[in-house]
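First up is the structure itself, then whatever we jot down about it.
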Number of protein chains: 2
Amino acid sequence: MVKNKDKCDLGTCFLCTHCLPDWIPAISAARKNIVVKKGQQIFKEGDPVTGIYFVYSGTVKVHKKWDKEKELILRFAREGDIVGHLGLGSTEFYPVSATAIEAGIICYIEMSFFESTLQVNNNFVIKLMRFFANELQESEKRMRNLAHMPVKGRVAQAFISLRNKFGLNEEGFINIELTRQDLASFTGAAYESLFRTINDFIDEQIIEISGKSIRIKNETTLLKLTEEEQ
Amino acid sequence: MVKNKDKCDLGTCFLCTHCLPDWIPAISAARKNIVVKKGQQIFKEGDPVTGIYFVYSGTVKVHKKWDKEKELILRFAREGDIVGHLGLGSTEFYPVSATAIEAGIICYIEMSFFESTLQVNNNFVIKLMRFFANELQESEKRMRNLAHMPVKGRVAQAFISLRNKFGLNEEGFINIELTRQDLASFTGAAYESLFRTINDFIDEQIIEISGKSIRIKNETTLLKLTEEEQ
DNA sequence: CGAGTTGTTGACGTGTGTCAAAAGAAGTGG
DNA sequence: CCACTTCTTTTGACACACGTCAACAACTCG
């Protein structure tokens, strides 16, 4: 159920700490392992782009501010996922922020080193390009949903995609702990709207909650809500 | 004001009819120029991916269905723009549709040929990758706006981005003719909502309409509406 | 000239966001 | 062990932005 990948988002990138332990001096020099605590910001909107990040362990949310207190969570990144790749476009500054929601280790690679890898490893760039294509496809789908799908469907969609990304633990609960606030930001709804929607789902025996963990009890109905209307 | 690019979305791709006229047999064999009428579909959601398209002339909308009668327009493509590039991801089938909104010529390149170009031209892949990164950034920004920005701001945003992409004609009108329906689909609003919003803008002397053309009279106010709130 | 499309407006319902406040939960300090 | 913060959860009430529906006008086109 969990996304099928080799080691990192890019198959095996031979760059991040995950794919290549600390042996080769040339890489080690351009690479830094950053220990992050829960809630710690990795970079934020407006920061100059100086490198690119891979999640070695822990969980990260990538989000974009609106209000002082409103934001939209664009994606979550877990072990092996790449973060900060928008910096590869023509922006000098990150258009999004990245924040750890679970403690972990982030592998940072200097942009100059990363760029030189791009120059010499065509296959790697192709993987990266395909990765971007898939991200864009996902993004455009969510955009369409945000425009036309009601909150209930978007919440259902959120559960499904969290399940697909993080899988289930032994008790069958989705293997991630999210605050309601983050769930709301991920679905693009107000805190209270999300809250009420979740209650509806519980009443209808579609999901089950224990602490901050969620278990899907009736996948069929959930999927029906995420179906794109003819 | 119009997007700064060499010849096509990818600088100079040396592939599409725009960047490379019909001289080289190897390319000509894998390439087809398709004459499209206004309203003609180039491909649609669910079609198998067999190649990639460049707009040689005319205008194309890329859109994603929701209802039978609702859709979201994801982007417009004009002369030199690439279309169908989502097919480079891991989908076998297009997740979006492309339809001509002005008659023109579309240059089609067989995927196998395109793929072999990727294998041998590293610089080209890097350009493509950066193009994707920029598209993704744009998409995520629009996604955030769709979630939090009210219709009026989204319409303002639409005018600005249309102006940036298509520029102005001699009389200072934005150089594209769109139906209200398409404008609505582009902003992710109902037809009537868009209609009323446009009327508001006219009343407030912010824009001017002549037929299907739009002229921005008060850019400052328009920009203020698109500002991301602190 | 009828028939179909597109433009225009009004009325209406409702999904959702906003605000406020009660009720817990959980820490802090005496 | 008990007041006293402070934070999160939970509900209720409310407003309004926006989508939906319906009707009519205006325009196109065979």
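Each chain gets a letter, A, B and so on, in the order its sequence line appears, and its residues count up from 1.
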Tell me the interatomic distance from [X], atom [atom1], to [N], atom [atom2], rounded to whole angstroms.
X	N	atom1	atom2	result
D200(B)	dC18(D)	CG	C1'	13 Å
H148(B)	dT16(C)	NE2	P	14 Å
R180(A)	dG17(C)	CZ	P	17 Å
D67(B)	dC21(D)	CG	P	10 Å
D203(A)	dT11(D)	CG	C1'	14 Å
R154(A)	dG17(C)	CZ	C1'	12 Å
K152(B)	dC16(D)	NZ	P	16 Å
E69(B)	dT6(C)	CD	C1'	15 Å

Does any donor atom in the side chain of [X] or [Y] lie under 3.5 Å from an acceptor atom in the other side chain?
X	Y	answer
T50(B)	Y108(B)	yes
Q40(B)	T99(B)	no
T197(B)	D200(B)	no

field: 5'-most by nearest nucleotide on DNA chain D - A147(A) or F195(A)
entry: F195(A)
Just to be sure I understand the rule, does [X] reach a base, reach only the sugar-phosphate, or reach nothing, if contact means heavy atoms closer than 4.0 Å?
X	answer
K212(B)	nothing
Q181(A)	nothing
R196(A)	base
K70(B)	sugar-phosphate

So does [X] pair up with [Y], basic N to acidic O under 4.0 Å?
X	Y	answer
E71(A)	R144(B)	no
R78(B)	E102(B)	no
R31(B)	E110(B)	no

Considering only [options], which nucleotide approaches the side chain of [X] most closely?
X	options	result
Y191(A)	dT20(D), dT16(C), dT9(D)	dT9(D)
P150(B)	dC18(D), dT9(C), dG17(C)	dC18(D)
V151(B)	dC18(D), dG17(C), dT8(C)	dC18(D)

task: Find which nucleotide of DNA chain C each of E192(A) and M149(A) is nearest to by heavy atoms, and output the residue with the more 5' nucleotide.
output: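 The answer here is M149(A).
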message: If the cut-off is 4.0 Å, is N199(A) near the phosphate of dT9(D), judged by side-chain N/O to OP1 or OP2?
response: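 For N199(A), the contact criterion (side-chain N or O under 4.0 Å from OP1 or OP2 of dT9(D)) is not met.
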query: How sharply is the helix from dC1(C)-dG30(D) to dG30(C)-dC1(D) bent, taking the axes over five pairs at either end and rounding to 10 degrees?
result: 30°
- request: Kindly assign one of parallel, tilted or perpendicular to the pair F43(B) and Y94(B), based on the angle between their ring planes and the thresholds 30° and 60°.
  value: parallel
Donor-acceptor under 3.5 Å (R130(A) side chain, L88(B) main chain): yes
